[in-house]
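Everything on this sheet refers to the single structure shown next.
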Amino acid sequence: GWLVRRVSVVASHLISHIHPEHATACSHHSCGNFLPSTPGPQAARVLHATPRTVLYLQMEADLKEIEQQSAALQVEGQAAIDEYKQLRGQLADAERLIALAIQQPDRALNFLRPGRLIRVQEAQDDWGWGIVVSVMRKRSPTDHNDSNNAAAETNAAAFYIIDTLLPCQAGTWRDGHARPCPMGLRSSKDSSSKQNGGSNGGSQDADMIVMPVALPLVVQMSSLRVGLPDDLRPVEARQSLLLTLQKMAETYPDGLPLLDPVEDMNIRDDPQLTAAV
C-alpha cells in the first residue's frame, strides 16, 4: 500500500545518506519486513493505550474542575468568616455603647430597684445575672471640692455600690475569694451561652451571696424583677432565689428580656446609642 511505499522511500533515503556506497533501493518485500504482518502483543498494547489515555485525560480534567470548585469554596468560606467577624465586632461595639449608657448614675438609679436582674462582668470574670438588693453611694473625695466637679462627674459611677445577690462557686466565698458560678442565663441579644457562663447553667453547687458591685461593672439590665424575702440572712432565703434564677433559665431559653435604653429608659440624646439598639 501507500504507507509501505512511503516507508520504503524514507528508508532508502536514510540508507543512502548514511552509507552512500551501499545505497540500494529497498524492495517492497524488504521494507515490508519492518512492519508486523499480524497484530502481535506489541500492537495490542498500542491499541489499548488510547482508551487509557482518554481516561487519564478525563481524570485530569475532573481534578482541575474539583480544584477550581475548592478554590471557589475557600473564597466563599473566607468571605463568610470575614462577614461573621465584622458582625461580631459590630455587636460588641453596640454592647459597649449600651453598657456605657446604663452605667450613668442619672440614667440607671431609677431602674436599680430591689429585685431587678442585672448582669455583672468584672474584667474576664463574667458573674452572670444577679439580683439587686440595694444601692448606696460612697462618699467621694471631691464632694466638697468645687474645683473638681468635672472629674467627679466623670467618675461618679464608681462611687455607686450595688449590693447584689450573685451565685458563687460553693464555699469559695468563705476564704474571701469568691468565684463566679452563673446560672446559664443569657440575655436576648447574646449569641452564645458561653458568654454568660452557660457551661455551669443550672448547677446546684452554688451559694447565693450578697456582694458589693460597682455600677461600672453592670453591663446589662433586664426588664424583669423578682420578689425578695424580707430577711436575706438565712441561707434558705438566699438559696430560694438561686432556684428562681434556675427557673428563669428554663422559662427564657432564648435569653432574658432587656431594658431598652431608648424605649424603656428614655435615653434619646445619644444618636449612636439609638443606632446601636
Side-chain angles (χ1 to χ4, degrees), residues 91-168 178 180 182 185-190 195-197 208-228 232 238 241 244-245 248 255-277:
L91 178 60
D93 291 341
E95 289 178 345
R96 280 192 291 269
L97 283 173
I98 294 172
L100 289 173
I102 67 176
Q103 289 166 2
Q104 302 301 315
D106 58 334
R107 296 170 171 175
L109 292 179
N110 287 335
F111 298 91
L112 291 173
R113 303 298 185 187
R116 175 77 63 191
L117 270 68
I118 60 175
R119 181 181 162 199
V120 179
Q121 184 162 354
E122 182 182 15
Q124 298 300 317
D125 288 333
D126 191 345
W127 288 83
W129 290 92
I131 305 172
V132 173
V133 176
S134 62
V135 181
M136 64 172 291
R137 183 180 182 275
K138 296 193 303 182
R139 189 177 182 84
S140 167
T142 60
D143 280 350
H144 302 291
N145 190 342
D146 294 337
S147 63
N148 290 324
N149 281 341
E153 286 296 328
T154 302
N155 300 316
F159 295 99
Y160 286 89
I161 304 300
I162 308 164
D163 285 337
T164 308
L165 268 168
L166 286 169
C168 305
L185 288 169
R186 306 195 306 152
S187 71
S188 57
K189 290 190 176 182
D190 285 331
Q195 292 179 332
N196 290 286
M208 288 293 281
I209 304 298
V210 178
M211 299 185 63
V213 174
L215 180 54
L217 301 183
V218 177
V219 295
Q220 287 178 329
M221 292 188 195
S222 174
S223 58
L224 301 176
R225 292 175 62 187
V226 299
L228 296 178
L232 289 173
R238 298 196 301 273
L241 293 171
T244 299
L245 288 180
M248 283 188 169
L256 297 183
L258 300 178
L259 278 177
D260 188 298
V262 177
E263 298 298 329
D264 298 327
M265 302 179 72
N266 200 31
I267 305 175
R268 301 182 184 275
D269 56 351
D270 190 336
Q272 287 185 321
L273 177 64
T274 303
V277 298

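Starting from 1, each residue takes its place in the sequence as its number. For clarity, every value in this text was computed on a predicted model and none was experimentally measured.
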Exercise for the section: Look up atom CD1 in I118 and atom OG1 in T164, then write down how far apart they are to the nearest 0.5 Å. Expected result: 4.0 Å
Practice task
Ignoring hydrogens and angles, tell me if any N or O in the side chain of S222 forms a donor-acceptor pair with the backbone of P257 under 3.5 Å.
Solution key: yes
Problem - side chain to side chain contact (heavy atoms under 4.5 Å, CB included) partner of I131, chosen from D163, V210, L228 - result: L228
Exercise for the section: Apply the test side-chain contact (heavy atoms from CB on, under 4.5 Å) to residues W129 and M248: give CA-CA distance (whole Å), side-chain angles for both, the deciding distance (0.1 Å), then the verdict. Expected result: CA-CA 11 Å; W129 290 92; M248 283 188 169; over 6 Å; no
Practice task
Check whether any side-chain N or O of R116 sits under 3.5 Å from a backbone N or O of F111 as a donor-acceptor pair, and report yes or no.
Solution key: yes
Problem - Minimum heavy-atom distance between L215 and I102, given as atom pair plus value - result: CD1-O, 4.3 Å
Handout entry: Donor-acceptor contact present, side-chain Q103 to main-chain V218, <3.5 Å
Key = yes
Exercise for the section: For R238 and L232, indicate whether the former's side chain and the latter's backbone hold a donor-acceptor pair under 3.5 Å. Expected result: yes
Fill in the blank from the handout: Nearest heavy-atom approach of I161 to K138 is CG1-CG, 3.8 Å
Exercise for the section: Mind checking salt bridge (Lys or Arg N to Asp or Glu O under 4.0 Å) for R96 and listing every partner two or more places apart, or none if nothing turns up? Expected result: D93
Problem - Pairwise distance CE(M221) to CG(L259) - rounded to 0.5 angstrom - result: 7.0 Å
Handout entry: Minimum heavy-atom distance D126-V120, with the two atoms named
Key = OD1-O, 3.4 Å
Practice task
Find out whether M211 and C168 are in side-chain contact, i.e. whether some heavy atom of one side chain is under 4.5 Å from a heavy atom of the other.
Solution key: yes
Problem - Where A108 and M265 come nearest, the two heavy atoms and their spacing - result: CA-CE, 4.3 Å
Fill in the blank from the handout: When every non-hydrogen atom of P216 is compared with those of A157, the smallest separation belongs to CD-O, 3.4 Å
Exercise for the section: Taking all heavy atoms of L245 and all of M208, pick out the closest pair and write down the distance. Expected result: CD1-CE, 3.9 Å
Handout entry: Straight-line distance of Q121 CD to Q220 CD, nearest 0.5 Å
Key = 9.0 Å
Fill in the blank from the handout: dist I162:CD1 -> L109:CG (nearest 0.5 Å) comes out at 8.0 Å
